[in-house]
Amino acid sequence: MDAQDTKQNASNLISAHFGYLIGEKYANFYKNKDDQTIVSSISGLMEEVLGPEKAKEEMLKHHLISS
Amino acid sequence: MWAKIFYGAMFLIIAASYLFTQSLIGDNYILFTNIIYQVPLLVALVVVGNLTRAYGLSSPHGLSFGLITLGLVVWLGAEFLWVIYESVLQVEVIYPSPADFLYLASYVFLFLGFTNEWKIGGSRFPLWLCWVLCLVVLIMMGLMFNAVYDETATDMANMVSLAYSVADVLVLISAIFALFNARQYEGGRLYGAWFFVFIGSVATLVGDILVLVFMDAYGEGLFLARQINLLWIVTFVAFGYAFTSINNIIKDIGSRVVAKTS
(Lines give C-alpha, C1' and ligand atoms only; values in the text may rest on other atoms or scores of the structure.)
Protein backbone atom coordinates (compact mmCIF):
# COMPACT_ATOMS: atom_id res chain seq x y z
CA MET A 1 0.00 0.00 0.00
CA ASP A 2 1.23 3.50 -0.77
CA ALA A 3 2.68 5.06 2.42
CA GLN A 4 0.73 8.25 1.79
CA ASP A 5 -2.48 6.20 1.45
CA THR A 6 -1.90 4.59 4.85
CA LYS A 7 -1.36 7.95 6.56
CA GLN A 8 -4.42 9.44 4.86
CA ASN A 9 -6.59 6.38 5.55
CA ALA A 10 -5.52 6.33 9.18
CA SER A 11 -6.28 10.03 9.57
CA ASN A 12 -9.68 9.56 7.86
CA LEU A 13 -10.55 6.71 10.20
CA ILE A 14 -9.69 8.76 13.25
CA SER A 15 -11.58 11.80 11.93
CA ALA A 16 -14.64 9.63 11.29
CA HIS A 17 -14.76 8.36 14.88
CA PHE A 18 -13.25 11.18 16.93
CA GLY A 19 -13.80 14.35 14.93
CA TYR A 20 -11.76 16.30 12.42
CA LEU A 21 -9.55 18.08 15.00
CA ILE A 22 -8.30 14.81 16.46
CA GLY A 23 -7.94 13.47 12.92
CA GLU A 24 -5.64 16.37 12.05
CA LYS A 25 -3.55 15.85 15.19
CA TYR A 26 -3.03 12.22 14.29
CA ALA A 27 -2.31 13.09 10.64
CA ASN A 28 0.52 15.28 11.93
CA PHE A 29 1.69 12.58 14.31
CA TYR A 30 1.75 9.91 11.58
CA LYS A 31 3.67 12.17 9.15
CA ASN A 32 7.05 10.53 9.72
CA LYS A 33 5.90 7.05 10.70
CA ASP A 34 6.13 3.90 8.62
CA ASP A 35 3.08 1.85 7.60
CA GLN A 36 3.58 -0.88 10.18
CA THR A 37 3.81 1.58 13.05
CA ILE A 38 0.75 3.47 11.87
CA VAL A 39 -1.36 0.33 11.48
CA SER A 40 -0.22 -1.05 14.83
CA SER A 41 -0.91 2.25 16.60
CA ILE A 42 -4.34 2.82 15.12
CA SER A 43 -5.32 -0.82 15.54
CA GLY A 44 -4.69 -0.64 19.30
CA LEU A 45 -6.55 2.65 19.53
CA MET A 46 -9.58 1.41 17.64
CA GLU A 47 -9.75 -1.84 19.59
CA GLU A 48 -9.71 0.05 22.86
CA VAL A 49 -12.52 2.42 21.87
CA LEU A 50 -14.64 0.48 19.37
CA GLY A 51 -14.01 -3.08 20.56
CA PRO A 52 -12.12 -5.76 18.61
CA GLU A 53 -14.80 -6.66 16.05
CA LYS A 54 -15.84 -3.13 15.17
CA ALA A 55 -12.19 -2.06 15.05
CA LYS A 56 -11.40 -4.79 12.51
CA GLU A 57 -14.46 -3.85 10.46
CA GLU A 58 -13.43 -0.19 10.38
CA MET A 59 -9.79 -0.95 9.57
CA LEU A 60 -10.99 -3.05 6.61
CA LYS A 61 -13.41 -0.34 5.48
CA HIS A 62 -10.60 2.22 5.49
CA HIS A 63 -8.19 -0.11 3.68
CA LEU A 64 -5.72 -0.29 6.55
CA ILE A 65 -5.78 -4.07 6.71
CA SER A 66 -6.80 -6.69 4.21
CA SER A 67 -9.31 -9.46 4.94
CA MET B 1 -14.83 8.51 37.64
CA TRP B 2 -15.85 12.09 38.30
CA ALA B 3 -18.63 11.80 35.71
CA LYS B 4 -20.18 8.86 37.59
CA ILE B 5 -20.04 10.81 40.85
CA PHE B 6 -21.41 13.99 39.28
CA TYR B 7 -24.35 12.38 37.50
CA GLY B 8 -25.10 9.99 40.35
CA ALA B 9 -25.16 12.86 42.83
CA MET B 10 -27.29 15.00 40.49
CA PHE B 11 -29.91 12.28 40.19
CA LEU B 12 -29.95 11.56 43.94
CA ILE B 13 -30.32 15.24 44.82
CA ILE B 14 -33.14 15.77 42.32
CA ALA B 15 -34.90 12.54 43.34
CA ALA B 16 -34.64 13.51 47.00
CA SER B 17 -36.05 16.95 46.14
CA TYR B 18 -39.02 15.38 44.39
CA LEU B 19 -39.69 12.86 47.13
CA PHE B 20 -39.01 14.77 50.34
CA THR B 21 -39.42 18.52 49.89
CA GLN B 22 -43.17 18.85 49.49
CA SER B 23 -43.80 19.02 53.22
CA LEU B 24 -40.94 21.50 53.62
CA ILE B 25 -41.77 24.04 50.93
CA GLY B 26 -45.53 23.50 50.50
CA ASP B 27 -46.97 25.68 47.74
CA ASN B 28 -43.55 26.23 46.12
CA TYR B 29 -43.09 22.49 45.54
CA ILE B 30 -44.36 22.48 41.95
CA LEU B 31 -42.29 25.52 40.93
CA PHE B 32 -39.19 24.11 42.66
CA THR B 33 -39.48 20.67 41.06
CA ASN B 34 -40.25 22.22 37.66
CA ILE B 35 -37.06 24.27 37.85
CA ILE B 36 -34.72 21.53 39.06
CA TYR B 37 -36.20 19.25 36.40
CA GLN B 38 -34.58 21.46 33.75
CA VAL B 39 -31.07 21.11 35.21
CA PRO B 40 -30.11 17.61 33.97
CA LEU B 41 -31.76 18.35 30.61
CA LEU B 42 -29.65 21.50 30.28
CA VAL B 43 -26.50 19.61 31.27
CA ALA B 44 -27.19 16.86 28.71
CA LEU B 45 -27.87 19.51 26.08
CA VAL B 46 -24.58 21.34 26.71
CA VAL B 47 -22.62 18.09 26.64
CA VAL B 48 -24.12 16.78 23.40
CA GLY B 49 -23.79 20.27 21.87
CA ASN B 50 -20.10 20.13 22.66
CA LEU B 51 -19.87 16.72 20.99
CA THR B 52 -21.55 18.13 17.88
CA ARG B 53 -18.95 20.90 17.79
CA ALA B 54 -16.09 18.42 18.27
CA TYR B 55 -17.19 16.24 15.38
CA GLY B 56 -18.52 18.97 13.11
CA LEU B 57 -21.94 18.83 11.47
CA SER B 58 -20.45 17.74 8.17
CA SER B 59 -19.27 14.45 9.69
CA PRO B 60 -21.72 11.52 10.04
CA HIS B 61 -21.39 11.28 13.85
CA GLY B 62 -21.58 15.07 14.05
CA LEU B 63 -24.91 15.01 12.22
CA SER B 64 -26.26 12.40 14.66
CA PHE B 65 -25.23 14.45 17.67
CA GLY B 66 -26.46 17.63 16.00
CA LEU B 67 -29.93 16.13 15.58
CA ILE B 68 -29.88 14.90 19.19
CA THR B 69 -28.83 18.38 20.32
CA LEU B 70 -31.72 19.88 18.37
CA GLY B 71 -34.09 17.35 19.92
CA LEU B 72 -32.96 18.33 23.42
CA VAL B 73 -33.16 22.06 22.62
CA VAL B 74 -36.77 21.63 21.49
CA TRP B 75 -37.50 19.42 24.54
CA LEU B 76 -36.08 22.16 26.79
CA GLY B 77 -38.31 24.66 25.01
CA ALA B 78 -41.33 22.48 25.73
CA GLU B 79 -40.38 22.10 29.39
CA PHE B 80 -39.76 25.84 29.71
CA LEU B 81 -43.21 26.54 28.27
CA TRP B 82 -44.70 24.08 30.73
CA VAL B 83 -43.04 25.88 33.66
CA ILE B 84 -44.55 29.14 32.41
CA TYR B 85 -48.03 27.58 32.18
CA GLU B 86 -47.98 25.63 35.43
CA SER B 87 -45.93 27.74 37.78
CA VAL B 88 -45.74 31.32 36.47
CA LEU B 89 -49.10 31.92 34.80
CA GLN B 90 -50.76 29.10 36.79
CA VAL B 91 -53.34 28.58 34.08
CA GLU B 92 -55.20 25.46 33.13
CA VAL B 93 -53.63 24.49 29.85
CA ILE B 94 -55.94 23.50 27.02
CA TYR B 95 -54.81 20.30 25.34
CA PRO B 96 -53.08 20.34 22.93
CA SER B 97 -50.84 23.29 23.77
CA PRO B 98 -47.75 24.62 21.95
CA ALA B 99 -45.69 22.59 24.46
CA ASP B 100 -47.23 19.37 23.10
CA PHE B 101 -46.10 20.23 19.56
CA LEU B 102 -42.60 20.92 20.86
CA TYR B 103 -42.52 17.61 22.77
CA LEU B 104 -43.56 15.77 19.62
CA ALA B 105 -40.96 17.61 17.50
CA SER B 106 -38.23 16.76 20.03
CA TYR B 107 -39.02 13.04 19.75
CA VAL B 108 -38.73 13.27 15.96
CA PHE B 109 -35.30 14.96 16.09
CA LEU B 110 -34.03 12.47 18.68
CA PHE B 111 -35.31 9.58 16.56
CA LEU B 112 -33.56 10.98 13.47
CA GLY B 113 -30.31 11.35 15.44
CA PHE B 114 -30.42 7.77 16.74
CA THR B 115 -31.42 6.47 13.30
CA ASN B 116 -28.46 8.23 11.67
CA GLU B 117 -26.11 6.84 14.28
CA TRP B 118 -27.46 3.32 13.72
CA LYS B 119 -27.12 3.77 9.96
CA ILE B 120 -23.46 4.79 10.34
CA GLY B 121 -22.79 1.69 12.38
CA GLY B 122 -24.15 -0.53 9.65
CA SER B 123 -25.56 -3.12 12.05
CA ARG B 124 -28.53 -5.03 10.72
CA PHE B 125 -31.66 -6.27 12.43
CA PRO B 126 -32.24 -9.98 12.14
CA LEU B 127 -35.44 -10.68 10.19
CA TRP B 128 -37.24 -12.22 13.16
CA LEU B 129 -36.65 -9.01 15.14
CA CYS B 130 -38.17 -6.95 12.32
CA TRP B 131 -41.34 -9.07 12.45
CA VAL B 132 -41.52 -8.90 16.25
CA LEU B 133 -40.99 -5.14 16.11
CA CYS B 134 -43.80 -4.68 13.55
CA LEU B 135 -46.14 -6.70 15.74
CA VAL B 136 -45.18 -4.77 18.88
CA VAL B 137 -45.63 -1.47 17.04
CA LEU B 138 -49.11 -2.41 15.83
CA ILE B 139 -50.18 -3.59 19.28
CA MET B 140 -48.67 -0.50 20.94
CA MET B 141 -50.39 1.90 18.60
CA GLY B 142 -53.71 0.10 18.92
CA LEU B 143 -53.61 0.00 22.72
CA MET B 144 -52.35 3.55 23.09
CA PHE B 145 -54.81 5.09 20.72
CA ASN B 146 -57.65 3.16 22.30
CA ALA B 147 -56.57 4.48 25.68
CA VAL B 148 -56.22 8.13 24.62
CA TYR B 149 -59.10 8.51 22.13
CA ASP B 150 -61.74 10.74 23.63
CA GLU B 151 -65.07 11.08 21.86
CA THR B 152 -65.74 14.34 23.66
CA ALA B 153 -62.39 15.87 22.68
CA THR B 154 -61.69 17.93 19.57
CA ASP B 155 -60.30 16.33 16.41
CA MET B 156 -57.04 18.21 16.98
CA ALA B 157 -56.76 16.82 20.53
CA ASN B 158 -57.32 13.26 19.29
CA MET B 159 -54.82 13.77 16.46
CA VAL B 160 -52.18 14.98 18.90
CA SER B 161 -52.92 12.01 21.18
CA LEU B 162 -52.41 9.71 18.19
CA ALA B 163 -49.20 11.57 17.40
CA TYR B 164 -47.97 10.87 20.96
CA SER B 165 -48.64 7.17 20.34
CA VAL B 166 -46.55 7.35 17.17
CA ALA B 167 -43.87 9.30 19.04
CA ASP B 168 -43.63 6.53 21.63
CA VAL B 169 -43.13 4.02 18.84
CA LEU B 170 -40.24 6.22 17.68
CA VAL B 171 -38.87 6.14 21.23
CA LEU B 172 -39.09 2.33 21.25
CA ILE B 173 -37.26 2.12 17.93
CA SER B 174 -34.68 4.67 19.14
CA ALA B 175 -34.05 2.52 22.21
CA ILE B 176 -33.49 -0.52 20.00
CA PHE B 177 -31.13 1.46 17.76
CA ALA B 178 -29.20 2.60 20.84
CA LEU B 179 -28.91 -1.02 22.01
CA PHE B 180 -27.65 -2.12 18.59
CA ASN B 181 -25.16 0.76 18.63
CA ALA B 182 -23.93 -0.42 22.02
CA ARG B 183 -23.64 -4.03 20.81
CA GLN B 184 -21.51 -3.10 17.82
CA TYR B 185 -18.95 -1.54 20.23
CA GLU B 186 -18.82 -4.58 22.51
CA GLY B 187 -15.43 -4.81 24.20
CA GLY B 188 -14.74 -1.12 23.54
CA ARG B 189 -15.16 2.03 25.60
CA LEU B 190 -18.07 3.28 23.47
CA TYR B 191 -20.18 0.27 24.51
CA GLY B 192 -20.92 1.71 27.95
CA ALA B 193 -21.83 5.14 26.58
CA TRP B 194 -24.39 3.79 24.13
CA PHE B 195 -25.79 1.40 26.74
CA PHE B 196 -26.59 4.45 28.87
CA VAL B 197 -28.31 6.04 25.86
CA PHE B 198 -30.41 2.85 25.67
CA ILE B 199 -31.26 3.12 29.38
CA GLY B 200 -32.26 6.77 28.93
CA SER B 201 -34.52 5.91 25.98
CA VAL B 202 -36.22 3.09 27.88
CA ALA B 203 -36.81 5.42 30.85
CA THR B 204 -38.63 7.89 28.56
CA LEU B 205 -40.75 5.11 27.09
CA VAL B 206 -41.72 3.80 30.53
CA GLY B 207 -42.47 7.35 31.71
CA ASP B 208 -44.71 8.00 28.72
CA ILE B 209 -46.59 4.74 29.24
CA LEU B 210 -47.09 5.45 32.93
CA VAL B 211 -48.48 8.91 32.13
CA LEU B 212 -50.90 7.23 29.76
CA VAL B 213 -51.98 4.76 32.43
CA PHE B 214 -52.27 7.38 35.18
CA MET B 215 -53.27 10.29 32.95
CA ASP B 216 -55.90 11.77 35.24
CA ALA B 217 -53.74 11.62 38.35
CA TYR B 218 -50.76 13.04 36.48
CA GLY B 219 -52.87 15.81 34.98
CA GLU B 220 -54.12 16.78 38.44
CA GLY B 221 -50.54 16.92 39.69
CA LEU B 222 -51.05 14.36 42.43
CA PHE B 223 -47.85 13.78 44.41
CA LEU B 224 -47.30 10.11 43.54
CA ALA B 225 -48.15 10.59 39.87
CA ARG B 226 -45.73 13.52 39.73
CA GLN B 227 -42.87 11.14 40.63
CA ILE B 228 -43.19 9.76 37.07
CA ASN B 229 -41.11 12.84 36.16
CA LEU B 230 -38.16 11.05 37.79
CA LEU B 231 -38.12 8.69 34.81
CA TRP B 232 -37.49 11.56 32.40
CA ILE B 233 -34.83 12.80 34.79
CA VAL B 234 -33.25 9.33 34.47
CA THR B 235 -33.31 9.93 30.69
CA PHE B 236 -31.52 13.28 30.96
CA VAL B 237 -28.97 11.99 33.48
CA ALA B 238 -28.30 8.83 31.42
CA PHE B 239 -27.91 10.88 28.22
CA GLY B 240 -25.69 13.40 29.99
CA TYR B 241 -23.46 10.64 31.35
CA ALA B 242 -23.32 8.83 28.00
CA PHE B 243 -22.36 11.95 26.03
CA THR B 244 -19.87 13.02 28.72
CA SER B 245 -18.26 9.59 28.39
CA ILE B 246 -17.93 10.03 24.63
CA ASN B 247 -16.50 13.55 25.15
CA ASN B 248 -13.96 12.11 27.61
CA ILE B 249 -12.96 9.38 25.17
CA ILE B 250 -12.31 11.98 22.45
CA LYS B 251 -10.28 14.16 24.83
CA ASP B 252 -8.31 11.15 25.99
CA ILE B 253 -7.52 10.04 22.43
CA GLY B 254 -6.56 13.60 21.48
CA SER B 255 -4.32 14.07 24.51
CA ARG B 256 -2.29 10.96 23.68
CA VAL B 257 -1.05 12.53 20.47
CA VAL B 258 -0.06 15.71 22.33
CA ALA B 259 1.79 13.58 24.89
CA LYS B 260 3.57 11.67 22.14
CA THR B 261 4.64 14.77 20.18
CA SER B 262 5.71 16.88 23.18
Side-chain angles (χ1 to χ4, degrees), chain A, chain B residues 47-66 68-69 116-124 178-195 242-262:
Chain A
M1 188 183 294
D2 185 322
Q4 195 50 44
D5 286 343
T6 304
K7 288 179 180 52
Q8 188 59 53
N9 291 343
S11 172
N12 288 345
L13 174 54
I14 291 185
S15 293
H17 284 283
F18 306 121
Y20 68 96
L21 285 174
I22 309 295
E24 276 180 17
K25 278 186 185 174
Y26 272 83
N28 199 38
F29 173 64
Y30 288 147
K31 224 171 10 185
N32 302 317
K33 303 285 186 297
D34 60 271
D35 277 12
Q36 201 175 349
T37 305
I38 292 171
V39 171
S40 171
S41 158
I42 198 169
S43 171
L45 197 68
M46 289 297 145
E47 274 194 30
E48 179 192 337
V49 177
L50 307 182
E53 283 207 24
K54 185 70 181 174
K56 188 179 171 186
E57 187 187 311
E58 290 295 300
M59 299 277 287
L60 280 167
K61 205 195 307 184
H62 285 80
H63 310 293
L64 287 164
I65 56 174
S66 49
S67 52
Chain B
V47 171
V48 75
N50 193 45
L51 259 187
T52 307
R53 193 185 54 83
Y55 279 101
L57 273 174
S58 55
S59 82
H61 287 296
L63 178 61
S64 305
F65 292 124
I68 293 169
T69 302
N116 194 62
E117 196 58 22
W118 168 72
K119 216 175 62 156
I120 295 166
S123 57
R124 297 284 174 261
L179 187 60
F180 269 71
N181 279 342
R183 275 190 59 201
Q184 73 176 320
Y185 295 127
E186 203 161 343
R189 289 168 70 181
L190 281 174
Y191 173 83
W194 279 99
F195 193 74
F243 300 136
T244 299
S245 300
I246 298 175
N247 258 316
N248 287 344
I249 290 169
I250 292 174
K251 278 188 199 160
D252 179 31
I253 299 304
S255 69
R256 291 182 197 185
V257 170
V258 172
K260 281 173 186 175
T261 52
S262 62

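A note on names: the letters A, B, ... follow the listed sequences, proteins ahead of strands, and every chain is numbered from 1.
The contact between K61(A) and chain B is made entirely by side chain atoms (from C-beta outward), counting heavy-atom distances below 4.5 Å. The part of E57(A) that comes within reach of chain B is its side chain, from C-beta onward, which places non-hydrogen atoms under 4.5 angstrom from that chain. At a 4.5 Å heavy-atom cutoff, the contact between E47(A) and chain B is made by backbone atoms alone. The contact between L45(A) and chain B is made entirely by side chain atoms (from C-beta outward), counting heavy-atom distances below 4.5 Å. Neither the backbone nor the side chain of A55(A) comes within less than 4.5 Å of any heavy atom of chain B. Both the backbone and the side chain of L190(B) come within less than 4.5 Å of a heavy atom in chain A.
One distance of note links CD1 of I253(B) with NZ of K25(A); it measures 11.5 Å at 0.5 Å rounding. The distance from atom CD of E186(B) to atom NZ of K54(A), rounded to the nearest 0.5 Å, is 13.0 Å. Remark: L21(A) CG to R53(B) CZ distance equals 8.0 Å, nearest 0.5 Å.
Residue K33(A) qualifies as enclosed at atom NZ: its count of foreign heavy atoms under 6.0 Å is above 12. Other residues, nucleotides and ligands place more than 12 heavy atoms under 6.0 Å from the CZ atom of R189(B).
For the pair Y20(A) (side chain) and A54(B) (backbone), a donor-acceptor distance under 3.5 Å is absent.
Contact detail for Y55(B) and H17(A): the closest heavy-atom pair is OH-O, 2.6 Å.
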